Amino acid sequence: MVQGRGSADLVLVNMAAVLCLLVLAGHVHAATYTVGGSGGWTLNVDSWPKGKRFKAGDTLVFTYDPTIHNVVAVNRGGYSSCITPAGARVYKSGKDQIKLSKGQNFFICNVAGHCESGMKIAINAA
């Protein structure tokens, strides 16, 4: 049986569809988390990550009042000591969205006394 041009077109359409699905599949697995849940980014949020599985590429949404809080991406030392290292990125919008990097990710609020009151999180992203 002789196949016409329609068969070749159908093969190309199917290949394009499969390629699109593969590209989209890589983005489907990223999740979005609101830090602190309905309470948002606030004091005593340090235990919020417990029991959750994070992956590189997931997005953390920090919701807070920017007149009294902020979010600072810090290293392990900054997290442990509640001291903002030189050059640390400070977020202050009140609705910050931060993508997780593979490995350890640390965030604090550097308003006086807030980090020491549990306004910090440590997340390991696979």
Side-chain angles (χ1 to χ4, degrees):
M1 178 184 240
V2 177
Q3 293 183 345
R5 178 156 165 81
S7 295
D9 288 343
L10 185 59
V11 168
L12 287 175
V13 168
N14 285 334
M15 285 176 46
V18 169
L19 181 60
C20 287
L21 287 173
L22 290 174
V23 169
L24 291 174
H27 299 287
V28 170
H29 298 292
T32 300
Y33 296 91
T34 299
V35 175
S38 61
W41 177 237
T42 189
L43 303 176
N44 299 310
V45 75
D46 52 340
S47 63
W48 172 80
K50 289 185 177 136
K52 296 175 181 62
R53 292 179 172 232
F54 299 95
K55 295 182 182 178
D58 286 352
T59 299
L60 298 182
V61 179
F62 291 83
T63 306
Y64 57 94
D65 179 346
T67 64
I68 57 174
H69 299 302
N70 64 21
V71 179
V72 186
V74 297
N75 56 24
R76 183 183 304 275
Y79 177 82
S80 298
S81 67
C82 289
I83 295 174
T84 302
R89 175 101 190 254
V90 180
Y91 299 86
K92 339 178 211 192
S93 76
K95 51 183 186 255
D96 307 307
Q97 296 189 19
I98 304 173
K99 228 170 234 211
L100 293 174
S101 301
K102 186 175 176 81
Q104 292 290 323
N105 295 260
F106 301 97
F107 304 96
I108 67 171
C109 176
N110 73 355
V111 172
H114 290 198
C115 177
E116 294 83 355
S117 296
M119 199 165 179
K120 62 182 186 174
I121 57 171
I123 292 177
N124 187 27

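Quantities reported herein were computed from a predicted structural model and do not represent experimental measurements. Because only heavy atoms are used, hydrogens play no part in the values below, and waters and symmetry mates are left out as well, while side chains stay in.
- By the side chain to side chain donor-acceptor pair (under 3.5 Å) test, Asn110 is found to be paired with Asn70, Thr84, residues two or more places apart in sequence or in another chain being considered.
- In the hydrophobic clustering (ILVMFWY side chains linked at under 4.5 Å, chained through shared members), Leu43 is joined by Tyr33, Val35, Trp41, Val45, Trp48, Phe54, Leu60, Phe62, Tyr64, Val71, Tyr91, Ile98, Leu100, Phe107, Met119, Ile121, Ile123.
- Among all heavy-atom pairs drawn from Ser101 and Ala56, the shortest one is C-CB, 4.1 Å.
- One distance of note links NZ of Lys99 with OG1 of Thr59; it measures 5.0 Å at 0.5 Å rounding.
- Atom NZ of Lys50 is surrounded by 12 or fewer heavy atoms from other residues, nucleotides or ligands within 6.0 Å.
- Partners of Ser93 under the side chain to side chain donor-acceptor pair (under 3.5 Å) rule, at least two apart in sequence or in another chain, are Asp96.
- Pairing each heavy atom of Gln97 with each of Val61, the nearest pair is CG-CG2, 4.0 Å.
- Considering NZ of Lys102 and NZ of Lys55, their distance stands at 10.5 Å, rounded to 0.5 Å.
- Residue Val72 shares its hydrophobic cluster (ILVMFWY side chains chained together at separations under 4.5 Å) with Val74, Tyr79, Val90, Phe106, Ile108.
- When the side chain to side chain donor-acceptor pair (under 3.5 Å) test is applied to Thr67, the partners found at least two apart in sequence or on another chain are Asp65.
- In terms of heavy-atom proximity, Gly78 sits nearest to Pro85 at CA-CD, 4.3 Å.
- A donor-acceptor distance shorter than 3.5 angstrom exists from the side chain of Asp58 to the backbone of Ala31, with no hydrogens or angles considered.
- Counting only residues at least two apart or in different chains, disulfide bond (SG atoms under 2.5 Å apart) contacts with residues 90-126 comprise Cys82-Cys115.
- Residues Val111 and Ile68 are not in side-chain contact: their nearest non-hydrogen atoms beyond the backbone lie 4.5 Å or more apart.
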